[in-house]
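First the structure, in the form of C-alpha cells, and then the observations on it.
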Amino acid sequence: MKQADDLRFMAEAIKQAEEAEKAGEVPIGAVIIKDGEVLAAERNRREELNDATAHAEILLIRQAGEKLGGWRLSECTLYVTLEPCPMCAGALVLARLHRLVFGAPDPKAGAVVSLYDLVRDSRLNHSLKVSGGVMQEQCAALLRDFFRQRRD
C-alpha cells in the first residue's frame, strides 16, 4: 500500500473513533481493507454491548469473516487508531491478517510494539506486516481529550 492509502484509510478509522466518542465509548475506530476497498468499519462498543471483548478489532474480524464467508483474512489489512491490546493482537494473528496499520502506540496495554510483539512473534504460526504511527498525533489527541474530559 502507498502512504496516501494508509492516510486515507486511517482517516476512515478516525471517523469511527469519533463515532465511538459520541456514543460514550473510548474513541477507538478501525477498518478492514481488501483489494483497496473498505470491507468493514467499526468502533469500540464495550459499553453499548456490555461486552469486554467488543473492541473495534474483534467486531471487525467477525464482520469481515461473515462478508468473506470464511475466517481467514489473509488478503486483508486492518487499520486501527490505537495499538492493539493482547486480546486483539492475538485475534489478528488467528485471523491470519496480512497487515496491521495503527495510529497511536499504547504504552499501558499495547501488544504490537509497546509491551509485546505478538503479531510478529516467530513462535506463532502466522505473523503480520506492521506499520505504526500513522496519523499518530490525531489518534492520540482523540484519546487524550476523551480521558481529560472524563477526569474533569
Side-chain angles (χ1 to χ4, degrees), residues 1-34 36-65 67 73 76-121 124 126-152:
M1 283 260 170
K2 296 179 237 162
Q3 184 179 8
D5 290 332
D6 283 352
L7 295 174
R8 178 169 58 111
F9 293 128
M10 186 59 74
E12 290 298 318
I14 288 171
K15 287 179 187 174
Q16 290 297 314
E18 291 168 343
E19 290 300 315
E21 182 175 25
K22 288 177 189 171
E25 300 278 354
V26 174
I28 299 171
V31 296
I32 285 185
I33 307 306
K34 183 176 181 207
E37 299 294 326
V38 175
L39 182 63
E42 194 52 87
R43 60 178 177 79
N44 268 16
R45 294 181 185 271
R46 291 187 309 172
E47 302 299 330
E48 175 186 337
L49 300 175
N50 296 313
D51 181 353
T53 68
H55 291 201
E57 301 97 318
I58 300 297
L59 298 172
L60 267 182
I61 288 169
R62 291 176 184 157
Q63 287 179 25
K67 285 187 176 183
L73 305 179
C76 297
T77 297
L78 188 139
Y79 290 80
V80 63
T81 56
L82 183 66
E83 176 185 0
C85 70
M87 173 183 70
C88 293
L92 298 177
V93 171
L94 293 173
R96 310 292 195 271
L97 268 105
H98 173 69
R99 182 171 177 240
L100 165 68
V101 180
F102 70 89
D106 185 352
K108 293 184 179 181
V112 177
V113 296
S114 295
L115 299 178
Y116 311 101
D117 189 357
L118 287 177
V119 300
R120 293 177 290 198
D121 190 320
L124 299 176
H126 179 73
S127 64
L128 286 73
K129 294 180 181 178
V130 175
S131 298
V134 175
M135 299 180 73
Q136 179 175 335
E137 185 49 42
Q138 294 95 316
C139 294
L142 282 168
L143 291 158
R144 241 187 344 264
D145 294 347
F146 176 81
F147 286 113
R148 185 178 300 128
Q149 289 174 359
R150 290 278 194 242
R151 285 188 298 269
D152 291 345

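Numbers here simply count residues along the sequence, with the first being 1.
Partner of Arg43 under the salt bridge (Lys or Arg N to Asp or Glu O under 4.0 Å) criterion, out of Glu48, Glu18, Glu21: Glu48 alone.
The closest side-chain heavy-atom distance from Val112 to Phe102 is below 4.5 Å. Under the 4.5 Å side-chain criterion, counting only non-hydrogen atoms from C-beta, Val113 is in contact with Arg120. Inter-residue side-chain proximity for Arg148 and Asp145 is flagged as met; some heavy-atom pair is nearer than 4.5 Å. A 4.5 Å side-chain heavy-atom check between Leu49 and Glu25 finds every atom pair outside the cut-off. Within the 4.5 Å cutoff, no side-chain heavy atoms of His98 are placed close to those of Lys34. Ile32 places none of its side-chain heavy atoms less than 4.5 Å from the side chain of Val38.
Between Leu82 and Glu57, the shortest heavy-atom contact is O-OE2, 4.1 Å. Across every non-hydrogen atom of Gly24 and Glu47, the tightest pair is O-CG, 4.3 Å. Listed here is the closest heavy atom pair of Val80 and Met10: O-CE, 3.4 Å. Here the closest non-hydrogen pair linking Ala13 and Ala30 is CB-CA, 3.9 Å. Val26 approaches Arg46 most closely through the heavy-atom pair CG2-NH2, 4.0 Å. In terms of heavy-atom proximity, Pro84 sits nearest to Ala89 at CB-N, 4.0 Å.
Between the side chain of Lys67 and the backbone N or O of Leu39, at least one donor-acceptor pair lies under 3.5 Å. A donor-acceptor contact shorter than 3.5 Å links the side chain of Arg96 to the backbone of Leu94. A donor-acceptor pair is defined here as one N or O able to donate and one able to accept, closer than 3.5 Å; such a pair exists between the side chain of His126 and the backbone of Leu97. One N or O on the side chain of Thr81 and one on the backbone of Gly29 form a donor-acceptor pair closer than 3.5 Å. In this structure a side-chain-to-backbone donor-acceptor pair under 3.5 Å is missing from Asn44 to His55.
Residue pairs that meet the side-chain hydrogen bond (donor to acceptor under 3.5 Å, both in side chains) test with at least one member in residues 83-95, sequence neighbours left out, are Glu83-Ser114.
One distance of note links CD1 of Ile58 with CG of Asp51; it measures 9.5 Å at 0.5 Å rounding. One distance of note links CD1 of Ile61 with CG of Leu78; it measures 7.0 Å at 0.5 Å rounding. Of the inter-residue distances, the one linking Leu100 atom CG with Thr77 atom OG1 reads 9.0 Å to the nearest 0.5 angstrom. Separating the CZ atom in Arg8 from the CD1 atom in Ile33 is a distance of 7.5 Å, to the nearest 0.5 Å. The distance from atom CG of Leu118 to atom SG of Cys85, rounded to the nearest 0.5 Å, is 9.5 Å. From Ile28, atom CD1 reaches atom CG of Leu143 across 5.5 Å, with rounding to the nearest 0.5 Å.
The existence of a salt bridge linking Glu19 and Arg45 is excluded, since no basic side-chain nitrogen approaches an acidic carboxylate oxygen closer than 4.0 Å.
Other residues, nucleotides and ligands contribute over 12 non-hydrogen atoms within 6.0 Å of the CZ atom of Phe146.
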